[in-house]
Amino acid sequence: MASPRTPGPVKSPGPAGTPGAPKSRPGPPEAPGSAGAASVRRAAADRAAADRAAADRADTNRSAEAGWGEPKRRRPLRGKSPDEIGWVKAHGGAGATSLCELLGGVDVGARWPEPAKGEPRRIVIVGRTSARGIRAVSQALGALHEGKAPQGLDLAAVVLVADTPNRLPLSLLRRIRVIRSVAHVHRVPWIPAWRVGGRPRSLPRKINKLAQLVGAEVRHEGTAS
């Protein structure tokens, strides 16, 4: 009868790389500093996106506002006299073109005329009575008083054209009062025909007063807005 076998000594797991140790599968090699490099790339991308957004906002603000005092592409005003009134619009849609066609003078656009080149020296700054219009007029007046306009300009008045037939809120009236403290302000009431590019059948008395102010005669053949 065979004698039972005695169990041999149990081998304990040794350190890695020694016989008897369980073999571990190596993982994919990791590039040195890959996590830090990814963080740097993400931070750089975020900064670039923020810079682009800031540049877009700046471009939008420059196009929305008049940008008084900055160089502008000027169009020549040929055959004009420095003694004529120059209608300067503080912003797009101010109503300067309609007033120019009605009262005569020169439609200067959104820039300062240059009397040294034969352009009008007497000017009227035109803006709407909206918050945007009043802000643009204030910016133009600020540039004028800071010496950012050509020498020899004579501000005859600021003309604020009504942007609505309704009464203005108190906040806008206060801002107009501030403009009155630095310039003569002439308000033109709401004229419905100008909104659709038509010809007004009758003109308010304030138009006649404005004509006297700028030394012009009212043209009754109609206007375009």
Side-chain angles (χ1 to χ4, degrees), residues 56-77 84-114 119-150 153-198 200 206-207 210 213-214 223-225:
D56 292 341
R57 288 193 298 270
D59 291 340
T60 302
N61 292 335
R62 280 195 295 268
S63 61
E65 302 297 343
W68 295 101
E70 297 180 1
K72 293 180 179 296
R73 179 180 299 176
R74 56 183 302 274
R75 55 188 178 88
L77 303 174
E84 291 185 275
I85 195 72
W87 300 92
V88 178
K89 63 179 181 180
H91 58 89
T97 300
S98 295
L99 291 171
C100 180
E101 294 181 357
L102 182 65
L103 301 176
V106 182
D107 185 3
V108 178
R111 69 172 181 87
W112 300 118
E114 300 184 37
E119 296 179 351
R121 55 182 175 80
R122 296 183 64 237
I123 61 171
V124 171
I125 299 176
V126 186
R128 291 284 179 175
T129 54
S130 63
R132 172 175 174 263
I134 295 174
R135 181 171 61 252
V137 168
S138 299
Q139 290 177 345
L141 287 174
L144 185 63
H145 287 288
E146 291 171 4
K148 296 181 180 179
L153 290 181
D154 178 21
L155 179 63
V158 169
V159 175
L160 297 177
V161 182
D163 68 318
T164 174
N166 302 323
R167 299 183 62 179
L168 294 180
L170 183 59
S171 59
L172 296 181
L173 292 175
R174 288 174 177 171
R175 296 173 67 176
I176 293 176
R177 191 176 301 119
V178 173
I179 295 177
R180 288 185 186 274
S181 65
V182 297
H184 178 78
V185 176
H186 189 96
R187 292 181 59 183
V188 174
W190 173 259
I191 299 179
W194 283 0
R195 188 177 191 184
V196 295
K206 290 187 177 182
I207 292 293
L210 179 59
L213 176 66
V214 300
T223 67
S225 59

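Start at 1 with the first residue, then count along the sequence.
- Distance alone, capped at 3.5 Å, is enough to place a donor-acceptor pair between the H91 side chain and the R128 backbone.
- Of all heavy-atom pairs between G105 and C100, the closest is O-SG, 3.6 Å.
- Scanning all heavy atoms of the two residues, the minimum distance from A90 to I125 falls at CB-CG2, 4.1 Å.
- R174 meets the side chain to side chain contact (heavy atoms under 4.5 Å, CB included) test with L170, R177; sequence neighbours excluded.
- Atom CZ in R111 sits 11.5 Å away from atom NZ in K89 (nearest 0.5 Å).
- Contacts of P169 classified as side chain to side chain contact (heavy atoms under 4.5 Å, CB included), with partners at least two apart in sequence or in another chain: S171, L172.
- For the atom pair OG1 of T129 and CG of N166, the computed distance is 10.5 Å after rounding to the nearest 0.5 Å.
- Closest approach of W87 to V126, counting heavy atoms only: CE3-CG2, 3.8 Å.
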Do L210 and L99 pass the side-chain contact (heavy atoms from CB on, under 4.5 Å) test, and can you show the C-alpha distance, the side-chain angles, and the key distance before you say yes or no? CA-CA 10 Å; L210 179 59; L99 291 171; 4.1 Å; yes

Could you walk me through whether I123 and V108 satisfy the side-chain contact (heavy atoms from CB on, under 4.5 Å) test, starting with their C-alpha distance in whole Å, then the side-chain angles of each, then the deciding distance to 0.1 Å, before giving a yes or no? CA-CA 9 Å; I123 61 171; V108 178; 5.7 Å; no

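- Residues meeting the side chain to side chain donor-acceptor pair (under 3.5 Å) test with S130, sequence neighbours left out: none.
- The two residues E119 and P113 have their closest heavy-atom pair at OE1-CA, 3.3 Å.
- Of all the heavy atoms in G86 and P120, the pair that sits closest is N-CB, 3.8 Å.
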Take I85 and L103 through the test side-chain contact (heavy atoms from CB on, under 4.5 Å) and record every step on the way to the result. CA-CA 9 Å; I85 195 72; L103 301 176; over 6 Å; no

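- No donor-acceptor pair closer than 3.5 Å links the side chain of H184 to the backbone N or O of L155.
- Pairing each heavy atom of A94 with each of G127, the nearest pair is CB-CA, 3.9 Å.
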Checking side-chain contact (heavy atoms from CB on, under 4.5 Å) for the pair R187/L168: CA distance, chi angles, key distance, verdict? CA-CA 12 Å; R187 292 181 59 183; L168 294 180; 3.3 Å; yes

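- Expressed to the nearest 0.5 Å, how far OG1 of T97 lies from CG of D107 amounts to 4.0 Å.
- Residues satisfying the side chain to side chain contact (heavy atoms under 4.5 Å, CB included) test with P150, not counting sequence neighbours, are W112, E114, P115, L153.
- Taking CG from L213 and CD1 from I207, the interatomic distance works out to 11.5 Å, rounded to the nearest 0.5 Å.
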